[in-house]
Protein chains: 2
Amino acid sequence: MNVLKQRSTCPVSTSLDVLGDKWILLILRDMVFAGKSTYGQFLQSAEKMATNILADRLATLESQGLLTKAVAADKKSKFTYRLTEKGVDTIPIIVELMLWGTKHCPTIVDPGLLAELQAGKAAAVEKYQRRAREKALA
Amino acid sequence: MNVLKQRSTCPVSTSLDVLGDKWILLILRDMVFAGKSTYGQFLQSAEKMATNILADRLATLESQGLLTKAVAADKKSKFTYRLTEKGVDTIPIIVELMLWGTKHCPTIVDPGLLAELQAGKAAAVEKYQRRAREKALA
DNA sequence: TATATTTGCTTGCGAATTGCAAGTGTAAAG
DNA sequence: CTTTACACTTGCAATTCGCAAGCAAATATA
């Protein structure tokens, strides 16, 4: 299950073999910019992903080493998903997608976040990466 | 045909509604980094995309305004695809995908391009954007 | 002028993937 | 000890995918 097929040795292609899925990147977005970390929270997103797809993509993300799964601190019947360094490294990609969408598609954007990104992209990326790392340790 | 469905108003999600497809981004990669511009050239890529998928994705890219289709200068039975500004603006996304793949997946990378990106990402992105714009005018 | 080739697609079809609805299992709460 | 919360799993119709073959117009070749 969930065996990755690499189509070529091109770095863009190999990235897409993992990340070239609409749901995968929305899960990562939710973790980074919405602070979500549980199955139930991911289900509540505006895009309404199906439960089987969510389960499948979480398993893929875990097997690909982008996130870790652990029993939640408050409840034993609950799991917490956290980004690994490999996952944290996708933040620049998500940020570029956000900027492109903001510029070229009809969207509703958080003005604070947009201003932050336009003021200094690299600094904003680093801030969210730092924040994700801190959460992973907690 | 090729009607886009927007899943939400989030800029990451709207970007993915257009770009969240493995083939779409490989076509853009071929245009930007391999200088390809015809149907036949796209078919020759290492990833071997099916002819019906290529035709479909080129139509999508055209209808979404990422590229333009024109009769080739040398042959009337040939078409030339060129990036629009909206297409040129995807270069930062492709560059981030390339960097992530290089760092986290087994790949074979062009050392010159990698060195150029590591020396100065913004400068390299601008160079390829300039080059794509020049080609579009030719 | 007749035939072959290049180029850019379409079409058909079996296989894989998706999305929806409903069901399952375990832990905690009442 | 029943109910609720949470995280999935299963079944199934419908869409999408990938492969192979076919098609049509423009050009090259004999």
Side-chain angles (χ1 to χ4, degrees), chain A residues 1-8 13 16-27 30-31 34-64 67-82, chain B residues 1-8 13 16-27 30-31 34-64 67-82:
Chain A
M1 260 250 189
N2 278 322
V3 267
L4 180 73
K5 33 181 166 176
Q6 217 180 55
R7 291 173 297 173
S8 79
S13 178
L16 290 170
D17 289 335
V18 181
L19 303 172
D21 174 279
K22 308 190 189 225
W23 299 116
I24 288 270
L25 282 157
L26 290 183
I27 293 171
D30 282 348
M31 295 185 79
K36 295 184 180 177
S37 59
T38 67
Y39 185 93
Q41 288 176 322
F42 296 130
L43 276 186
Q44 285 160 29
S45 298
E47 293 84 11
K48 295 288 166 215
M49 79 177 90
T51 59
N52 57 341
I53 301 293
L54 175 58
D56 177 82
R57 296 306 189 275
L58 285 173
T60 299
L61 282 164
E62 196 191 357
S63 75
Q64 290 300 314
L67 50 77
T68 56
K69 181 182 184 177
V71 174
D74 54 334
K75 265 191 177 182
K76 280 183 186 169
S77 62
K78 209 169 150 185
F79 293 101
T80 302
Y81 296 93
R82 294 287 179 218
Chain B
M1 260 248 190
N2 279 321
V3 266
L4 180 72
K5 32 182 164 175
Q6 219 180 55
R7 292 173 297 174
S8 80
S13 178
L16 290 170
D17 289 334
V18 181
L19 303 173
D21 173 278
K22 307 190 187 225
W23 299 117
I24 287 271
L25 281 158
L26 290 183
I27 293 170
D30 282 349
M31 295 184 79
K36 296 183 181 178
S37 59
T38 67
Y39 185 92
Q41 288 177 323
F42 296 132
L43 276 185
Q44 286 161 29
S45 298
E47 293 84 10
K48 297 286 166 215
M49 78 178 90
T51 58
N52 56 341
I53 302 293
L54 175 58
D56 178 82
R57 296 307 188 275
L58 285 172
T60 299
L61 282 164
E62 196 190 357
S63 76
Q64 290 301 314
L67 51 78
T68 56
K69 182 183 183 176
V71 174
D74 55 334
K75 265 191 177 184
K76 279 183 187 169
S77 62
K78 212 170 149 183
F79 293 103
T80 302
Y81 296 93
R82 296 287 179 217

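Below, chains carry the letters A, B, ... as their sequence lines are ordered, and counting in each starts from 1. Quick caveat, the model's predicted, so the values are computed rather than measured.
- The interatomic distance linking K48(A) (NZ) with dC20(C) (P) rounds to 11 Å, in whole Å.
- Residue Y39(A) places no side-chain N or O under 4.0 Å from the OP1 or OP2 atom of dT9(D).
- Computed from coordinates, the N52(A) CG to dG11(D) C1' distance equals 11 Å when rounded to whole Å.
- Residues K75(A) and V71(A) approach most closely at O-CG1, 3.8 Å, considering heavy atoms.
- Minimum atom distance to the side chain of T51(A) is reached by dT9(D), of the listed dA27(C), dA26(D), dT9(D).
- No donor-acceptor contact under 3.5 Å links the side chain of T38(B) to the base of dT7(C).
- Remark: Y81(B) is not in phosphate contact with dT7(C), judged by side-chain N or O atoms under 4.0 Å from OP1 or OP2.
- The shortest distance between the side-chain N/O atoms of K69(B) and the OP1/OP2 oxygens of dC9(C) is below 4.0 Å.
- Going from atom CZ of F79(B) over to atom C1' of dT27(D) covers 14 Å, rounded to whole Å.
- Contact check, R57(B) against dC17(D): a side-chain N or O comes under 4.0 Å of OP1 or OP2.
- Closest non-hydrogen pair, M49(B) versus F42(B), comes out as CE-O, 4.4 Å.
- With rounding to whole Å, K75(B) atom NZ is found 11 Å from dG8(C) atom C1'.
- If you take CD of E47(A) and P of dG19(C), they are 12 Å apart, rounded to a whole angstrom.
- Of the candidate nucleotides dG18(D), dA7(D), dA28(C), dA28(C) has the atom lying nearest to any side-chain atom of K76(A).
- Here the nucleotide nearest the side chain of A55(A), chosen from dA7(D), dC8(D), dG11(D), is dC8(D).
- Remark: E47(B) CD to I27(B) CD1 distance equals 11.0 Å, nearest 0.5 Å.
- An OP1 or OP2 oxygen of dC17(D) is reached within less than 4.0 angstrom by no side-chain nitrogen or oxygen of W23(B).
- The two residues L4(B) and D17(B) make their nearest non-hydrogen contact at CD1-O, 3.2 Å.
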